[in-house]
Amino acid sequence: MINAKRILVTSALPYANGPLHIGHLAGAYLSADIYVRFQRMMGKDIAFICGSDENGAAITIKAIKGNTTPQKIVDQYHEEFKVAFKGIGISFDYYHRTSDPLHHETSQEFFRKLYADGKFEERTTEQYYDAKAEQFLADRYIKGTCPKCDYDSAYGDQCENCGSTLSPTDLINPISTLTGETPVRKKTTHWYLPLNEDEEWLRDWIENGVLDGQQHHLPKSWKNHVIGQCKSWLDGGLQPRAMTRDLDWGVDVPQEIDGSEGKKLYVWMDAPIGYISATKAWAKENGKDWRDYWQDEETALLHFIGKDNIVFHCIIFPSILKAHGDYILPTNVPANQFMNLEGDKISTSRNWAIWVNDYLKDLPGREDELRYFMIKTMPEQKDSEFTWSGYQDAINNELVNNLANYVNRVVVLTNKYYEGVVPQFDENQEIFGPIGEDEFAFHDSELLRLYDDLNDVADSIRAYEFRAALTKLMDISTKGNQILQFNEPWKTIKDDEEKVKAVMNLSLQYVAAIACATHPFLPTASEKLCQLLNLPLIAEDGDFVTMMDKLAMGEHLIEAGHKINSASHLFSRIDDETIATQKAKLVPAVQEVENESPIKENIIFDDFVKIDFRTAKVVEAEKVPKADKLLKLKLDLGFEQRTVVSGIAEHYSPEEVVGREVTLVANLAPRKIRGVESQGMILMAESSNGKLSFVAPDKGWDSGMIVR
RNA sequence: GGCGUGGUAGCUCAGCUGGUUAGAGCGCAGCAUUCAUAAUGCUGAGGUCGAGUGUUCAAGUCACUCUCACGCUACCA
């Protein structure tokens, strides 16, 4: 679908449990915004849709921790997101939210259709239900007596004493670990989408771009890592996926369906359908028919996402859409990789991020500067890195010295020589082009060069190569500088006024072209440029086409006789102090001691004394084969030696741990892990960013001592 | 461990289906220039294209092995 009649663009729905940072922008929003603004300027019928993803368990948990309600959490972030997106200039046509009734209806309707068409595999199982907690219990939240060995604290999925694999309903005297209540058996039904049946057509669609026997898109236009990721999943074999969950915050499974009570749509049936509900909301307010955008073969659907979302958008959501039958599938999923920050991964929990709203507050009026550097370092093909000094260099050297200074030169000279009026000139006047003195050029031949260069920018945008497009755009500014440099109007004005007129007129055409072409990337700068030239602002209504048509016809973008305004600076430098302040705000991992996991329920002393903690010394250590995280340790308790498997290999090498003193839970029932029997468990403290530390006695203590 | 993507000048990155002396921007050195926010233009130095083996008349570009980074996945009672 190269020449689609209309385009629907979606950006990943941000999850409403944390503020927006630059990593989000780099992944799914900036690239989409450039693409959309450009296509509007190409006169395309295009809709740009997004919204807050507000359902799911993580939000409930956050609400409990913060002693508030899920609704308050999502309201807060929904507002923050809107401010951030607006501030940085992401031009959504509609920003919706999945807590909206329209979304609930839409996703339920979708579910109903799949249900009625028999697309689901219904699996009813009997599960334990905790009446006090009012929820179904996951296997590991149930304990009871093992039917095989009479061990009295077997988990719902496995007895650690005898190692047998269990199902919760096998347990004798089951108890809920949440409340201590005896759970009741209750039937629960979930609906699964048999993705395994979709493998064949998915493969054809992804690898060959063929859907229902027709060429749907060119697989070459998809990014390597996107196709690679999908193939990896297909090769691994797809499994049926549950489309519902026993949750308490989200979209209800339609009530008329048997067994729907307490069930919510799982994220697969919820978030991506948010794109559809957002489109409906937009269409309703703008007199459009949303079906044109989702159900017409002549529409190109594009999902802009980060790489963590590839499988979701390339396999699961398409399967859901195809199962419904009325919907089109994405033409492309231009996923970006990740952006790192100053040498480290961006992390919300570690506060290692640049928050969009903080940036807007700290550096007001510099939205385009952030956009510029983010586009320049956009992780299109591989992970990339944001550094404040890189940001400073790029702004000062490229935006100020090259672009803004070029514009300033042209405007100042025009005002100086012609009182701000675009000069009339002789078309036969020879001038120097950007190549220099080796080649004579004319005004009209240079406009054709400009046309070609603008076309190159456009081609890159169409191919989702935004950094390349930005480079090509900046090259136009460089060529403008070259034209001035080679023709030296400040010298020539003394003996060849006619030549200066041609050069200055051409330069003004360049600036007018830049005013238009920067718009998708740097909308605010584009606006300032238009004001500077006293031209109408970009309306995102076919402006690019108009410009290209004029150039192709040999017409001018800014007419002789037109009066421009006096000079003012387009961008200003960023000083070292500003950068130092921002760098200082990045404080690595000084985590407020927040209770990530609440204190568990009280136990009585008798429970505590059941656990036999002992000191021990590591005498041997080796990696467990075929497992990244596991070390097999031999521990000396003084009176005996034991083998223990521990998940610490990512933090400690075998050499480092030999000789360490540790604390061991000595009477934990043995369990086989990766084929090795582990006789106990080593105590480790875990920080909130996943780092591990031994919990051990002071150096030089004997092994086998009792700990209490 | 399995799978995927990447590892190219000091830094940030381009290099499509293998084909002459491997490219850009920044930084660095020199020259020119002053209209401009000490901006601009020109020239130059800088790379055994992660390591190794192979296929080929020819490999950064293909195959295999290894290695490192990141992601997904398994194992972390």
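Just so it is clear: chains get the letters A, B, ... in the order the sequence lines come, proteins before strands, and each one is counted from 1. All heavy atoms count here, side chains included; hydrogens, waters and symmetry mates do not.
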Q: Round to the nearest Å and state the distance from K382(A) atom NZ to G7(B) atom C1'.
A: 7 Å
Q: Within 90° of 0 counts as syn, otherwise anti: where does G46(B) fall?
A: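 This nucleotide is in syn.
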Q: Which pairs with one or both residues in residues 473-483 of chain A pass side-chain hydrogen bond (donor to acceptor under 3.5 Å, both in side chains), sequence neighbours excluded?
A: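 Listed once each, the pairs are N402(A)-S477(A), N402(A)-T478(A), N402(A)-N481(A), R409(A)-N481(A), D453(A)-K479(A).
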Q: Using the P atom in both, what is the distance from A59(B) to U21(B), to the nearest Å?
A: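 My reading of the P atoms in A59(B) and U21(B) gives 11 Å.
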Q: Please give the distance between the C1' atoms of C11(B) and U56(B) as a whole number of Å.
A: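 Taking atom C1' in both C11(B) and U56(B), they lie 36 Å apart.
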Q: Reading RNA chain B from 5' onward, which residue's closest nucleotide shows up sooner: K376(A) or R467(A)?
A: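 It is R467(A), whose closest nucleotide lies nearer the 5' terminus.
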Q: Select one nucleotide: of U12(B), A36(B), G27(B), the one nearest the side-chain heavy atoms of N397(A).
A: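 Out of U12(B), A36(B), G27(B), the nucleotide with an atom closest to N397(A)'s side chain is G27(B).
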Q: Is the positively charged end of K345(A) above the ring of F338(A), judged by distance under 6.0 angstrom from the centroid and angle within 45° of the axis?
A: no
Q: For a quick check of understanding: with a heavy-atom distance under 4.0 Å over all strands, which category does S646(A) fall into, base, sugar-phosphate or nothing?
A: sugar-phosphate
Q: So, F386(A) versus F373(A), ring centres under 6.0 angstrom or not?
A: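 Here the rings of F373(A) and F386(A) have centres that are less than 6.0 Å from each other.
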Q: Remember a base hit wins even if backbone is also touched, and classify T478(A) as base, sugar-phosphate or nothing at under 4.0 Å, heavy atoms.
A: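 Sugar-phosphate only.
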Q: On a whole-Å scale, what distance lies between the P atoms belonging to U17(B) and A63(B)?
A: 11 Å
Q: Looking at K307(A) and D383(A), is any side-chain nitrogen of the basic one under 4.0 Å from a carboxylate oxygen of the acidic one?
A: yes
Q: Under 4.0 angstrom, heavy atoms only, what part of the nucleic acid is S678(A) near: base, sugar-phosphate, or nothing?
A: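 No contact.
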Q: Quick one: ring-ring contact (aromatic ring centres under 6.0 Å, His included) partners of W233(A), sequence neighbours excluded?
A: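 Partners of W233(A) under the ring-ring contact (aromatic ring centres under 6.0 Å, His included) test: none.
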Q: Does the separation of the ring centres of F466(A) and F521(A) fall below 6.0 angstrom?
A: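 No, ring centres 6.0 Å or more apart.
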Q: So does K479(A) get a side-chain nitrogen or oxygen closer than 4.0 Å to the phosphate oxygens (OP1/OP2) of U40(B)?
A: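 Indeed not, no polar side-chain atom of K479(A) lies that close.
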Q: Hey, is the main chain of V644(A) close enough, under 3.5 Å, to the side chain of S678(A) for a donor-acceptor pair?
A: no
Q: Side chain of E398(A) only, please: which of G25(B), U40(B), C75(B) is the nearest?
A: G25(B)
Q: Is there a donor N/O on one and an acceptor N/O on the other, under 3.5 Å, for the side chain of N405(A) and the base of A36(B)?
A: yes
Q: Starting the side chain at C-beta, find the nucleotide from A77(B), C75(B), A32(B) nearest to Q485(A).
A: A32(B)
Q: Counting the atoms with a prime plus P, OP1 and OP2 as sugar-phosphate, which does L413(A) contact under 4.0 Å by heavy atoms, base, sugar-phosphate, or nothing?
A: base
Q: Answer yes or no: does a side-chain N or O of Q381(A) lie under 4.0 Å from OP1 or OP2 of G15(B)?
A: no
Q: Taking only residues two or more places apart in sequence, or in another chain, which ones meet D612(A) in a side-chain hydrogen bond (donor to acceptor under 3.5 Å, both in side chains)?
A: R614(A)
Q: Classify the ring geometry between Y510(A) and Y406(A) as parallel (under 30°), tilted (30 to 60°) or perpendicular (over 60°).
A: perpendicular
Q: Starting at NZ of K491(A) and ending at C1' of G41(B), how long is that distance when rounded to a whole Å?
A: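 Atom-to-atom, K491(A) to G41(B), this comes out as 12 Å.
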Q: Taking U65(B) as the reference, what is the distance to G44(B) when you measure between their P atoms (whole Å, please)?
A: 43 Å
Q: Between U61(B) and A22(B), how many Å separate the two C1' atoms, rounded to a whole number?
A: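 Comparing C1' positions in U61(B) and A22(B) gives a spacing of 11 Å.
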Q: Which of the following nucleotides, U37(B), U40(B), G25(B), is nearest to the side chain of N481(A)?
A: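 Selected nucleotide: U40(B).
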Q: For N224(A) and G6(B), is the shortest distance between a side-chain N/O and OP1 or OP2 below 4.0 Å?
A: yes
Q: In whole Å, measure the gap between the C1' atoms of A9(B) and G52(B) for me.
A: 23 Å
Q: What pattern of brackets, bars and dots sums up RNA chain B from 5' to 3', given Watson-Crick or G-U wobble pairs under 3.5 Å, [ ] for crossing pairs and | for another strand?
A: (((((((..((((.....[...)))).(((((.......))))).....(((((..]....))))))))))))....
Q: Could you tell me the separation between the CZ atom of F486(A) and the P atom of U40(B), rounded to a whole number of Å?
A: 14 Å
Q: For L570(A), report the nucleic acid contact type (base, sugar-phosphate, nothing); a contact means any heavy atom under 4.0 Å.
A: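 L570(A): base contact, heavy atoms under 4.0 Å.
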Q: Whole angstroms only, please: what is the CD-P distance between E465(A) and C13(B)?
A: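 Between P of C13(B) and CD of E465(A): 16 Å.
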Q: With rounding to the closest Å, how many angstrom separate the C1' atoms on C3(B) and G46(B)?
A: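 The answer is 38 Å between these two C1' atoms.
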Q: side-chain hydrogen bond (donor to acceptor under 3.5 Å, both in side chains) with E656(A): which residues, sequence neighbours excluded?
A: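 So E656(A) forms a side-chain hydrogen bond (donor to acceptor under 3.5 Å, both in side chains) with S653(A).
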Q: I need the CG-C1' distance between L631(A) and G1(B), as an integer number of Å.
A: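 In whole Å, G1(B) C1' and L631(A) CG are 15 Å from each other.
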Q: State, without any angle test, whether Y391(A) and E369(A) hold a side-chain donor-acceptor pair at a distance under 3.5 Å.
A: no
Q: What integer distance in Å separates E342(A):CD from U12(B):P?
A: 12 Å
Q: For E385(A) and C26(B), what is the distance between atoms CD and C1' respectively, to the nearest whole Å?
A: 15 Å
Q: Given C13(B), U37(B), C26(B), identify the nucleotide with an atom nearest to the side chain of H569(A).
A: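 Closest nucleotide to the H569(A) side chain: U37(B).
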Q: Measure from the side chain of W490(A), starting at C-beta and using heavy atoms only, and say which of C76(B), G41(B), U33(B) lies closest.
A: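 The answer is U33(B), which lies nearest to the side chain.
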Q: For E677(A), I'd like to know if atom CD has over 12 heavy atoms of other residues, nucleotides or ligands within 6.0 Å.
A: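 Counting other residues, nucleotides and ligands, CD of E677(A) exceeds 12 neighbours.
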Q: Considering only the C1' atoms, how many Å lie between U67(B) and G50(B), rounded to the nearest integer?
A: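 Per the computed distance, 7 Å lies between those C1' atoms.
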Q: Reading nucleotides 62-72 of chain B from the 5' end, what letters show protein touch, with B for base, S for backbone sugar-phosphate only, - for no heavy atom under 4.0 Å?
A: --------SSS
Q: Looking for any heavy atom pair under 4.0 Å, which part of the strands does V400(A) touch: base, sugar-phosphate only, or nothing?
A: base
Q: Rounding to an integer number of Å, can you tell me how far I395(A) CD1 sits from C26(B) P?
A: 14 Å
